[in-house]
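Computed from heavy atoms alone, side chains included, the values below leave out hydrogens, waters and symmetry copies.
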Amino acid sequence: MGAHNLIFNRYSASPGIQWKHLLLMTALLLPIVFINTGNYHDWGDDFAQYMLQGYHLAGLKTDVQVLCTEGYGPSVKGPLFSMLLTPILLAGGKIFLSSKVLVSLGLVACGLFVFWLITQELNSIMVGACTALFMVYNSVILVHKDQILPDTLFMALLVAGFLMYRSSHLVGVILCTIGLVLLKPVGFLFLIGVSVLWLTNTKRSNKNRIAFLSSALMVIIAGMLIPQIWLRDNDGEHALFWYLSVVQETGFTEGILVRAKKYFLTLLLFFDNDVPAILNKTGKIIVLCFLINGLVFALRSWMKIAVTFLTLYTLVLLAYPYDDDPLRLLVLVFPVLLIVSLLGIKSLSRFLNIRSNLIALPVVFALLMMNIPNAMISAYGGRNSPGPFNEEFLEMKHYIEEHVPKADLVSSEKPWAVALLIDRSTVPLSYGQSNGEESCLSEWVLRMEKPTHDLGMNPVNQGPVFNNDLYALYR
């Protein structure tokens, strides 16, 4: 028997999956790399922080720092995405384009893992293929490619972790878990879920439990220490502790019902299609019924790990006061919701004593077809904006390079983006102007004409030393 057949038989309950199927799926998913991929990113601080961390890991831009971020955001985020960018930076590659390609490859990998898992569970290559295509080319995913970075890699490793857990492959589970906690703090939720299920499983031997506990401890140490050691120029706390402090200050129950309603309504947008209203609403109701049924069915199967993770993640969403686009947070678990929904179809087919793909294939194929109009609009009808590199920004950048000394601090609403794009150390505008620490007081203030946040104060009294239609620089 060939080596590749041994690999497939080790992890797959369905002998129908072959290399040609994976190659075909890869060819169908790869076009995502060329959709909504440009030489820029959106005007957000998340992308800039990951990229600046990549520069620091590569020993570049080490003189550019973002200081005094305690009241603004975590000073260190999961380093794995930045680590993947480091070789590209050392080779002189384009970091914006490279990050977008990396995001797309994460979607391709996630699609392949979803295809593999669904094909195993429902014993249907067509159902697995349609599910993977619907997930990757979903209109919401296409729109949010400009706003997510480590999320797609997190999605891929999460589904891979489910596959490893399904096959009881301890090493695979640990490797996926390490990757998850190094990508985002919520990766610790997967570790908690696996730990609870693994240690409470009566079929596990004590030796197996001890091995897992040792491995789990290694994951915790790696997840907590690596970001601080590799990014030691940042003296702030771990992102996990920063988010926990925000929850503690806000209170767990404050606004919980409002957030629950917001996330529920936002979840339905993944299945919102440009079809007659009756079909749109009917499709959403059917998917929700399958999802609920799948959650119950998963509790009686190996997929209880998915229910455990979704439960913990839901508690985090309800507890954390996030006021921006909620779709960004739900993208992370979209493939998990699809997988659990299809498990609901599997349980229903068992009850009706019919083959699961007789129900699953028409449902998933219909979702895929109804998604096409919105996906086409998202892919080809989007903006042609140059992102932050518009003419007004380039004017401001040139002025700052000519008139602002390298050693001076600049306050901004987007401190990470300004530090990355203008090569000046920065502080958050609100913190830099209100905190009494001398190290946080800036000599310059860069404001956008339409601030993204209402700071409730005028940072300076005098007029700008330079301004155009979009930006104003004060001293």
J.: I422 versus V64: any side-chain heavy-atom pair under 4.5 Å?
T.: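 No. Closest side-chain heavy atoms not under 4.5 Å.
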
J.: Does either side chain, that of Y474 or that of N467, offer a donor lying less than 3.5 Å from an acceptor on the other one?
T.: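 No.
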
J.: Under a 4.5 Å cut-off applied to non-hydrogen side-chain atoms, are L142 and N138 in contact?
T.: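 Answer no - side chains too far apart.
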
J.: Does any N or O in the side chain of D408 come within less than 3.5 Å of the main-chain N or O of W444, such that one atom is a donor and the other an acceptor?
T.: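 Checking the backbone N and O of W444 against the side chain of D408, no donor-acceptor pair under 3.5 Å is found.
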
J.: Closer than 3.5 angstrom, by distance alone: can the side chain of R259 be matched with the main-chain N or O of L318 as a donor-acceptor pair?
T.: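 Such a contact is found between R259 side chain and L318 backbone.
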
J.: Would you say T152's side chain and V103's backbone share a donor-acceptor pair under 3.5 angstrom?
T.: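 Judged by distance alone, yes, a pair lies under 3.5 Å.
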
J.: Kindly compute the distance separating CG (L421) from CG (L52), expressed to the nearest 0.5 Å.
T.: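 L421 CG to L52 CG: 10.0 Å, rounded to 0.5 Å.
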
J.: Any idea which heavy atoms bring I339 and M303 closest together, and the distance?
T.: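 The answer is CG2-CE, 3.6 Å.
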
J.: Below 4.5 Å, heavy atoms only, C-beta onward: do V410 and V445 meet side chain to side chain?
T.: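 SC-SC contact between V410 and V445 ruled out.
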
J.: Let me see the working for T426 and L67 under side chain to side chain contact (heavy atoms under 4.5 Å, CB included), right down to the final yes or no.
T.: CA-CA 6 Å; T426 62; L67 307 174; over 6 Å; no

J.: Could you go step by step and tell me if F113 and I118 meet the side chain to side chain contact (heavy atoms under 4.5 Å, CB included) rule?
T.: CA-CA 9 Å; F113 289 136; I118 295 300; over 6 Å; no

J.: Can you confirm whether L107 sits close enough to L29 that some side-chain heavy atom of one is under 4.5 Å from a side-chain heavy atom of the other?
T.: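 Answer no - side chains too far apart.
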
J.: For R475, is there an ion pair with E443 - N to carboxylate O distance below 4.0 angstrom?
T.: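 No.
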
J.: Working to the nearest 0.5 Å, report the span between CE of M370 and CZ of F271.
T.: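 Answer rounded to 0.5 Å: 10.5 Å.
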
J.: Which heavy atom of M396 sits nearest a heavy atom of N468, and at what distance?
T.: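 Scanning both residues completely, I find the closest heavy atoms to be N-ND2, 4.3 Å.
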
J.: Looking at D423 and K406, what are the two nearest heavy atoms and their distance?
T.: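 For D423 versus K406, the nearest heavy atoms are O-NZ, 3.0 Å.
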
J.: Just wondering, do Y399 and Y471 contact through their side chains at under 4.5 Å, heavy atoms?
T.: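 No - every pair of side-chain heavy atoms lies 4.5 Å or more apart.
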
J.: Kindly give the heavy-atom pair with the smallest separation between M155 and M135, and that separation in Å.
T.: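 Heavy-atom minimum between the residues: CE-SD, 4.0 Å.
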
J.: What heavy-atom pair brings P326 and T266 nearest, and what distance separates the two atoms?
T.: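 For P326 versus T266, the nearest heavy atoms are CG-OG1, 3.3 Å.
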
J.: State whether D151 and R328 are salt-bridged, where the test is any N-O pair (Lys NZ or Arg NE/NH1/NH2 against Asp/Glu carboxylate O) under 4.0 Å.
T.: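 No, D151 and R328 are not salt-bridged.
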
J.: Given 3.5 Å as the limit, does a donor-acceptor pair link the side chain of K184 with the main chain of G78, or not?
T.: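 No, K184 side chain to G78 backbone: no donor-acceptor pair under 3.5 Å.
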
J.: How are the rings of F154 and F309 set relative to one another: parallel (under 30°), tilted (30 to 60°) or perpendicular (over 60°)?
T.: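 The arrangement is tilted - the two ring planes meet at 30° to 60°.
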
J.: Calculate, to the nearest 0.5 Å, the distance between atoms NZ and CG belonging to K77 and L183 respectively.
T.: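 Atom-to-atom, K77:NZ and L183:CG are 13.0 Å apart.
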
J.: Tell me if a side-chain donor or acceptor on S411 pairs with a main-chain N or O of L429 at a distance below 3.5 Å.
T.: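 It does not hold such a pair.
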
J.: Evaluate the side chain to side chain contact (heavy atoms under 4.5 Å, CB included) criterion for residues V336 and F162: first the C-alpha distance (whole Å), next the side-chain angles of each, then the deciding distance (0.1 Å), finally the verdict.
T.: CA-CA 10 Å; V336 186; F162 292 159; 3.8 Å; yes

J.: Can you see which heavy atom on D63 is nearest to which on S425, and at what distance?
T.: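 In terms of heavy atoms, the two residues are closest at O-OG, 3.3 Å.
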
J.: Should F270 and V331 count as side-chain neighbours, where that means a heavy-atom distance under 4.5 Å?
T.: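 Counting from C-beta outward, F270 and V331 do come under 4.5 Å.
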
J.: If you round to the nearest 0.5 Å, how far is CG of N371 from OG of S139?
T.: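 One finds 5.0 Å between OG of S139 and CG of N371.
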
J.: Could you measure the distance from the CG atom of L337 to the CG atom of L330? Nearest 0.5 Å is fine.
T.: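 Here the rounded value is 7.5 Å.
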
J.: Within the supplied structure, the quantity of interest is the number of heavy atoms (other residues, nucleotides, ligands) at a distance under 6.0 Å from K261 NZ; does it exceed 12?
T.: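 No, because the 6.0 Å sphere around NZ of K261 holds 12 heavy atoms or fewer from other groups.
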
J.: In sequence, state the C-alpha distance, the side-chain angles, and the governing distance for F188 and L180, and then conclude on side chain to side chain contact (heavy atoms under 4.5 Å, CB included).
T.: CA-CA 7 Å; F188 283 101; L180 290 171; over 6 Å; no

J.: To the nearest 0.5 Å, what is the distance between OH (Y165) and SG (C176)?
T.: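 If we round to the nearest 0.5 Å, Y165:OH and C176:SG are 14.0 Å apart.
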
J.: Is the backbone of M51 close enough, under 3.5 Å, to the side chain of S82 for a donor and an acceptor to pair up by distance?
T.: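 Looks like no, no N/O pair under 3.5 Å.
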
J.: Below 4.5 Å, heavy atoms only, C-beta onward: do L312 and V316 meet side chain to side chain?
T.: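 Not touching, per the 4.5 Å side-chain cut-off.
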
J.: Should I141 and V136 count as side-chain neighbours, where that means a heavy-atom distance under 4.5 Å?
T.: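 No, too far: nothing below the 4.5 Å cut-off.
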
